[in-house]
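By convention in this document, chain letters (A, B, ...) are assigned in the order of the sequence lines, proteins followed by strands, and residues within each chain are numbered from 1.
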Protein chains: 4
Amino acid sequence: MPRRRASAARPRARNLESEPEKRRAILHAAVRAFAEKGYHGCRIADVAREAGVAYGLVYHYFRDKDELLESVFDEQWTIFIQAIRAISSGPGTSADHLAGVIRFALDVYRTAPAAVKVLILEVARSPHSLRAGSTRRMFETALKLLAEQVRRGQEAGDLRRGLEPAVAAASLLGALEMCLTAMVVGALGRPEASDEEMERVKQQVVEVALGGLLPRR
Amino acid sequence: MPRRRASAARPRARNLESEPEKRRAILHAAVRAFAEKGYHGCRIADVAREAGVAYGLVYHYFRDKDELLESVFDEQWTIFIQAIRAISSGPGTSADHLAGVIRFALDVYRTAPAAVKVLILEVARSPHSLRAGSTRRMFETALKLLAEQVRRGQEAGDLRRGLEPAVAAASLLGALEMCLTAMVVGALGRPEASDEEMERVKQQVVEVALGGLLPRR
Amino acid sequence: MPRRRASAARPRARNLESEPEKRRAILHAAVRAFAEKGYHGCRIADVAREAGVAYGLVYHYFRDKDELLESVFDEQWTIFIQAIRAISSGPGTSADHLAGVIRFALDVYRTAPAAVKVLILEVARSPHSLRAGSTRRMFETALKLLAEQVRRGQEAGDLRRGLEPAVAAASLLGALEMCLTAMVVGALGRPEASDEEMERVKQQVVEVALGGLLPRR
Amino acid sequence: MPRRRASAARPRARNLESEPEKRRAILHAAVRAFAEKGYHGCRIADVAREAGVAYGLVYHYFRDKDELLESVFDEQWTIFIQAIRAISSGPGTSADHLAGVIRFALDVYRTAPAAVKVLILEVARSPHSLRAGSTRRMFETALKLLAEQVRRGQEAGDLRRGLEPAVAAASLLGALEMCLTAMVVGALGRPEASDEEMERVKQQVVEVALGGLLPRR
DNA sequence: TATGAATGAGAGTTCATTCAT
DNA sequence: CATGAATGAACTCTCATTCAT
C-alpha cells in the first residue's frame, strides 16, 4: 500500500528502509517551499520541483496538500517534543531544563531556519491546523510537557510557587516563539548573526522568560 | 474610480459621513469571516453575505481582498497601538503600564474575540502580511512602543536593567499572545469564562510576564 | 442566488425571464457535446466553447458536471414524458396511443438526433445516473406511464389480456430504444434517410412492437 | 514484449496452459469491478485489488484499459453468440429458437448478474465501444444472427411475413435488454427472485416479444 | 451607489501508463 | 512473470476580479 498516513509513517523503529528516500526528499522540500512562500503561496508543483521528483509522486506518498503539511508539522514537533523530553530527563534543576529548551529552540533556528519558520509562521497558529488532529495534539503536548516541568520545578522549590503551570508554560513558549518571530522578521537578529550575537540573544531570552522583567528585590 | 487605499480611508478627520455605513458593515463582516474561517479559507462572497451586501460592493470599497485584510488589520492594530499610547501616558510606573497593556488585550479578547482572533491567528504571523506594507509597520510599531516603555522603565529604575528592551518587548508580547492563543484554542479558559476566572488568568499572565518564573530572592 | 438545482429550475410557470438565455445555451451545448463525444469523453471546456460562454459560467449555473448531465436528462425526459401524457389523453385506442409514442420518438430522432443520442447512449443506462435521483425517477415514470397505458388498454379490450403491463411496457420501450440505437449506430437507417424510408421503419417498429400486444384474433 | 491483443488471447485452441490463471482472475475481477462501479468509475487499481494481483500485472496481460474492457466484452458476447448458434442449430421452430435465446439470457442473468450488468449497462451501448472494433462487430453479429433466424422463420412459415428481419431482430433484442435493465434496476424483479417468479417473467417476456412475430391466426 | 452575471487563470487531484528491479 | 514506485498529461472546480446595467 503506497499511502502512509502521517501518524503511521514510522511503524517500526526508524530504519532507513521504511522511509523511502523520495518521501524524505518531498518532505524536506515541502519544509523549504512552505518556509519560502507560505503554505497557501506554494503549489504542489513547487514542492515537487524543489524535491526533484515528478508531480504525481507527491500524491503517491501524501493523500493531499493538507496531509503534506501535517506531516511536515508532525516531524518538526516530534523533534521538538523529543528534545523537551530529553532535556527534562537530563541533569539540572527545572530552571535549567526550561533554559535548555529555549536554547535548543534557538539553536535549531540557526541550523534550520526554514523548518522553524514553517513551524512558527504557518503551522503553529493557523486556524486550519489548530482544528486538525495531530497538529493540535502536538501543540498541546508541548504545552503540557512544559507545564509539567514547571509544576515539578515548583514542587522542588526551583521555581516560584503560586503560578499556574499552564499559564507559565504558555507564556514561556510564547515568549520564545515571539522572539523567534522577531528574528525571522528581522527585528532581533538574523540566523546569519555571529555566534556571539546569538549567544547574547539566547542569554537574554532565557533571562527574560525565566527571570521576569522586574528587578530582583 | 473609487479606489481607497486603506491608509487613505479616512482622509479628513473621522466624521461619520466619510465612513459609509456599508463600508463599516463589510469591514466588520470581514473580521468575523476571517476569524471564523481564516483569510485564505473565506471568499469575498462569504464576507459580502455576512455583511448583507451585494457581491460587487466589496470591490467598490476595497481594491482587492488584500486591501480588505489590510484594512481590517489597520483598524485593529490602530486601536491596540492607541491603547498602548494612552496607557503609557497615564499615571503609574512602567511596570504598571505594561501590566495595563496586558490587561487591556485580555479585556478586548473578552468583548471582541473575533477581532483578536484575526489579529492573532491571521495577521500577526502570516508571511504574506509580514511582508506587506502597513501590516508589518504596525507590528513593529507595537514592538517598538513596548520596547521604549521597557527602556524608560529601566531608566526610571522600575524595571531590571541589563535586558535588551527589544527582547523584553518581544517576550512580553509573545507571552501575551500565546496565552491568548491558548485561550482561543481552549487550553486556558474561554471568552465565556466567568469574570473571576478571567481576572485570575489576567493576574497570572501579568505575574509571569513581568515577574518571571524564578522565585523572588 | 445563481445556482438552480435541476429540480427547481422552473419554479413558476415557464416564463422566459426565469430561464436565463446563457443557461439555455449551456444546456443545449451540453446536449450536443455529450452526443458528440459522450459524457466522460467531453470536458466542461468543450461545453463552454460550444455554448460560446466563458468556462466559469457553466459553474455559475450548474453545481458540477453531474448536475449538468442531470439537467440535460431532466429536460429531455420531461419532454418525452409530456409527449406520452399528451398522446395518451388524445383520441384513439390504447394501441393507437402506444403507436403514437413510438412514432413521436422516431420523429424526434429525425429532428434532434443529438438529444436522442444522449438520452439513449449516455443517460438511460449509465449505472451512475440510474442510481442518481431524478434520472432514475424519470426513467421509472416513463415505464409507469406506458404500463398504465397498457393496463387501460387491456381493460378496454384493446390489448391482449394476461400480460403483465410492466413487462409489456419495458419490452415496448426496449424495442423502441434498440431500434433507435440501431439507427444511431447505422444498422437500420439514418436520420438523413428519406421520408419514405423513415416512414417504413416507423411502420415496422410499430408493427413488431405492438403486434404482440394485440389480442389474438 | 508480451502484448496480447484481445482477439489473439487464445491463439491455440482453448487449453488451460495458454490461459494463465492470473489473466483469468484479472478478467473476472474486471467484470465484477465494471459491474460495481462502471467502466469509467473504476481504476486499474480497483481491478488489480479485486483480482488480488499487483498493479502492473494488468498491463502485462492487457495493452491498456480499453483492451481490458474489450476482452471482457469479447468473452461475454462470445458466450452469448455461441449460445444463439447452439440454440438455433437445435431442434424446434424458429419461434422456439428465439424463445430459447430469451430464456438463455434471463438464465445467465440469474447466475452471473455482474456479467450481464456490464454487458447491458457499460458495453453494449456506450458510444465508446460502439466505435471500437470488435465490440461493435459482436453487437452486429448478434443482431445479424437473430435477423437471419427471423428470416428463416418467415421462410418456413413459423413467423409472420412482411416484417423486416433487421427491425424484428432489433426489437427482440431491445425488449430483452430493457427487461433485463428493468430487472437490474429493480423494476421487474431481482436475480434473487424465486424460481417461480423468474419463470413467470421469462414466460411474459417471451410472449410479449414474440407475440408480434407470430402469424395471425 | 449598488447589483450579480460573466470571465478565466490557477491549482489541486486523479489515474492511465511506464519502467527499473 | 511479477511488482509497485514513478511519471505527467488531463481535467474538474474555485474564486478573485471585472463590467454592464
Side-chain angles (χ1 to χ4, degrees), chain A residues 1-3 20-23 25-26 40-48 51-68, chain B residues 1-2 20-23 26 40-49 52-68, chain C residues 1-3 20-23 25-26 40-48 51-68, chain D residues 1-2 20-23 26 40-49 52-68:
Chain A
M1 211 184 307
R3 221 158 253 164
E21 180 195 344
K22 300 275 178 104
R23 189 181 193 275
I26 292 168
H40 292 285
C42 82
R43 300 157 299 173
I44 295 293
D46 295 328
V47 175
V53 302
Y55 199 88
L57 197 60
V58 177
Y59 286 91
H60 188 71
Y61 287 114
F62 304 92
R63 187 195 307 283
D64 53 23
K65 204 183 171 190
D66 271 18
E67 185 177 307
L68 181 56
Chain B
M1 212 181 302
E21 181 193 345
K22 299 266 179 114
R23 188 181 192 277
I26 292 169
H40 286 100
C42 78
R43 302 159 297 178
I44 293 293
D46 295 326
V47 174
R49 194 184 318 112
V53 302
Y55 207 76
L57 196 59
V58 176
Y59 283 89
H60 192 70
Y61 287 113
F62 303 92
R63 187 206 305 282
D64 53 24
K65 203 185 172 188
D66 271 17
E67 186 179 305
L68 181 56
Chain C
M1 209 184 308
R3 221 158 252 165
E21 179 194 344
K22 300 274 180 103
R23 189 180 192 276
I26 293 168
H40 291 284
C42 82
R43 302 156 299 174
I44 294 293
D46 296 328
V47 175
V53 302
Y55 195 89
L57 198 60
V58 176
Y59 285 91
H60 189 72
Y61 286 115
F62 303 93
R63 188 195 308 284
D64 53 23
K65 204 184 172 189
D66 271 18
E67 186 178 306
L68 181 56
Chain D
M1 212 179 302
E21 180 193 347
K22 298 269 180 110
R23 189 182 192 276
I26 293 169
H40 286 100
C42 79
R43 303 159 298 178
I44 294 292
D46 295 326
V47 175
R49 194 183 319 111
V53 302
Y55 206 78
L57 197 59
V58 176
Y59 283 89
H60 191 72
Y61 287 113
F62 303 92
R63 187 206 305 283
D64 53 23
K65 203 186 172 188
D66 270 17
E67 185 178 306
L68 182 55

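Between the CG atom of D/Asp66 and the P atom of E/dC15 there is a distance of 16 Å, rounded to whole Å. In this structure, D/Tyr59 atom OH and F/dA2 atom C1' are separated by 16 Å, rounded to whole Å. Rounded to an integer number of Å, the gap from D/Arg49 CZ to F/dG4 P is 13 Å. Here the P atom of nucleotide F/dA9 and the CG atom of D/Asp64 are 19 Å apart, to the nearest Å. In this structure, CD1 of A/Ile26 is placed 11 Å from C1' of F/dA5, rounded to the nearest angstrom. What separates CD of B/Glu67 from P of F/dT17 is a distance of 11 Å, to the nearest Å. Residue A/Glu21 contributes atom CD, which lies 9 Å from atom P of F/dA6 at whole-angstrom precision. At whole-Å resolution of the value, CZ in C/Phe62 and P in E/dA6 are 12 Å apart.
The side chain to side chain contact (heavy atoms under 4.5 Å, CB included) test applied to B/Tyr55 returns B/Ala45, not counting sequence neighbours.
When all heavy atoms of A/Leu68 and A/Val58 are compared, the pair lying nearest together is CD2-CG1, 4.3 Å. What you find for C/Ile44 and C/Tyr59 is that their closest heavy atoms are CG1-OH, 3.4 Å. Of all the heavy atoms in D/Phe62 and D/Glu67, the pair that sits closest is CA-OE2, 3.8 Å. For A/Ala51 against A/Ala25, the heavy-atom pair with the smallest separation is CB-O, 3.7 Å. Of all heavy-atom pairs between B/His40 and A/His40, the closest is ND1-CD2, 3.0 Å.
To the nearest 0.5 Å, atoms CZ (B/Arg23) and NE2 (B/His60) are separated by 11.0 Å.
Helical stems of DNA chain F (runs of at least 3 Watson-Crick or G-U pairs, donor-acceptor distances under 3.5 Å) are listed by first residue: E:2-21 with F:2-21.
Each of D/Asp46, D/Val53, D/Val47 was scored for a side chain to side chain contact (heavy atoms under 4.5 Å, CB included) with D/Arg49, with one residue passing: D/Asp46.
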Detail all sub-3.5 Å separations between protein N/O atoms and N/O atoms belonging to nucleotides 7-11 of chain E.
residue, atom, partner, partner atom, Å
E/dT7, OP2, C/Ala54, N, 3.0
E/dG8, N7, C/Gly56, N, 3.0
E/dA11, OP2, A/Arg43, NH1, 3.3

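Rounded to the nearest Å, the gap between the P atom of F/dT21 and that of E/dT1 is 22 Å.
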